[in-house]
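Residue numbers begin at 1 in each chain, while the letters A, B, ... track the order of the sequences.
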There are 2 protein chains.
Amino acid sequence: MKLDDLDLKIIDELMKNSRLSMRELARLLNRSAPAISERIKQLESFGIIKGYTIQIDYGKVGYPVCCLFEVTIKGGQYDTFKKYVSNLPQVEFCHRIAGSACFVLKRYFHSLSDVEQFIDEVSPFATTVTHVVFSSVETKPFISL
Amino acid sequence: MKLDDLDLKIIDELMKNSRLSMRELARLLNRSAPAISERIKQLESFGIIKGYTIQIDYGKVGYPVCCLFEVTIKGGQYDTFKKYVSNLPQVEFCHRIAGSACFVLKRYFHSLSDVEQFIDEVSPFATTVTHVVFSSVETKPFISL
DNA sequence: GTTGAAAGACACCATCC
DNA sequence: GGATGGTGTCTTTCAAC
């Protein structure tokens with residue numbers, strides 16, 4: 001699918017606020033509601049918009065600890081690891097990467113002792129390098145161009 | 001703020017679909033719409049729900065390359081780096097971390113040559129270790145408990 | 001926290017440009 | 001491709017309980 005300026009602007013606005021109605025979106029972008037509505041249906045059906053979600057403060061929800069892990073698989077147990085990870089809660093992502101490690105994984109925890117437990121659980125099929133997150137630099141929502 | 005089961009369920013549902021109306025949410029959780037509405041207002045005002053956004057396929061939007069960077073600041077130029085990063089587009093996050101590196105940053109690019117350019121731009125005030133993302137392991141949306 | 005009513009906003013469709 | 005107008009539905013919000 002070929003995206004034009006309007007599509008990108010719609011994505012931009014929905015990035016900032018996914019609860020906008022078609023009508024509000026139309027007003028913001030000086031179009032009619034049906035025009036916007038049709039674009040969004042397309043964006044959804046092409047899998048460009050994959051979902052509508054919220055951003056939460058993990059700390060306030062009981063997960064004050066965030067870690068990034070470089071994961072190196074032992075003895076080719078890739079599938080064991082993948083299956084294990086895909087059922088773990090509080091995993092923001094798990095990417096296969098180029099470089100010395102095999103995966104990078106980001107996960108939220110209740111406490112540091114839960115981090116320790118996670119590392120222990122993984123240890124039969126992978127070694128890990130752990131990065132504890134202290135804080136975050138604020139970044140822009142997205143796109144614009 | 002103390003969160004109870006209902007709050008967590010609301011967060012869970014909104015994680016899966018942030019466009020749910022109060023009424024639909026109420027139906028899903030066997031409550032009345034005003035009850036849900038008030039909870040959400042609280043969750044917002046306490047900063048627990050930080051925003052409503054969409055998930056997009058970055059590849060289909062012109063950013064097929066994703067990289068993670070371990071960033072080590074040179075000569076204490078932290079503020080230079082932070083300021084630079086906070087105005088960069090397509091940065092998913094930039095975390096200050098414990099360990100050998102200072103930051104971990106995730107960013108999307110049009111091409112590998114844009115990655116190269118980014119590394120060059122950062123080089124005056126930081127050294128980088130680059131991890132190119134090949135693919136992702138599917139993970140659960142979130143929370144539940 | 002629930003219910004019920006009222007007002008308003010909404011999405012959708014058909015039609016037309 | 002996009003705009004307009006009408007219809008019926010759904011929404012939120014408020015008051016009373």
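To the nearest angstrom, P of C:dC10 lies 10 Å from CG of A:L20. For the pair A:L29 CG and D:dA3 P, the computed distance is 11 Å after rounding to whole Å. Rounded to whole Å, atom P of C:dG1 lies 13 Å from atom NZ of B:K41. Counting to the nearest Å, the C1' atom of D:dT9 and the CZ atom of B:R27 are 12 Å from each other. As rounded to whole Å, 11 Å separates atom P of C:dT3 from atom CG of B:N30. Note: CD1 (A:I36) to P (D:dG2) measures 8 Å, nearest angstrom. Rounded to whole Å, atom C1' of D:dT13 lies 17 Å from atom CG of B:L25.
Under the 30°/60° scheme for interplanar angles, the aromatic rings of B:Y84 and B:F118 are found to lie parallel. Aromatic ring pairs are classed by plane angle as parallel below 30°, tilted from 30° to 60° and perpendicular above 60°; the pair A:Y63 and A:H110 is parallel.
Side-chain N/O atoms of B:R23 include one lying less than 4.0 angstrom from OP1 or OP2 on D:dT11. Considering only side-chain N and O atoms, B:R39 lies under 4.0 angstrom from the phosphate OP1 or OP2 of C:dG1. Contact annotation: A:R31 side-chain N/O to D:dG1 OP1/OP2 distance is not under 4.0 Å.
Backbone-only engagement by B:S21 is indicated by non-hydrogen atom pairs under 4.0 Å involving sugar-phosphate atoms exclusively. Counting non-hydrogen atoms under 4.0 angstrom, A:E38 reaches the backbone sugars and phosphates but no base.
The side chain of B:M22 sits closest to D:dT12 out of D:dT11, D:dT12, C:dC12.
Using a 4.0 Å cut-off between charged nitrogen and carboxylate oxygen, B:D7 and B:R39 count as a salt-bridge pair. A:E13 has a carboxylate O that lies under 4.0 Å from a charged side-chain N of A:K16, or vice versa, which qualifies the two as a salt bridge.
Mapping B:R19 and B:L6 onto DNA chain C via the closest heavy atom, the residue that lands nearer the 5' end is B:L6. The residue among A:Q42 and A:A33 whose nearest nucleotide of DNA chain D is located toward the 5' end is A:Q42.
Within a 6.0 Å radius of CG in B:D79, other residues, nucleotides and ligands contribute 12 heavy atoms or fewer.
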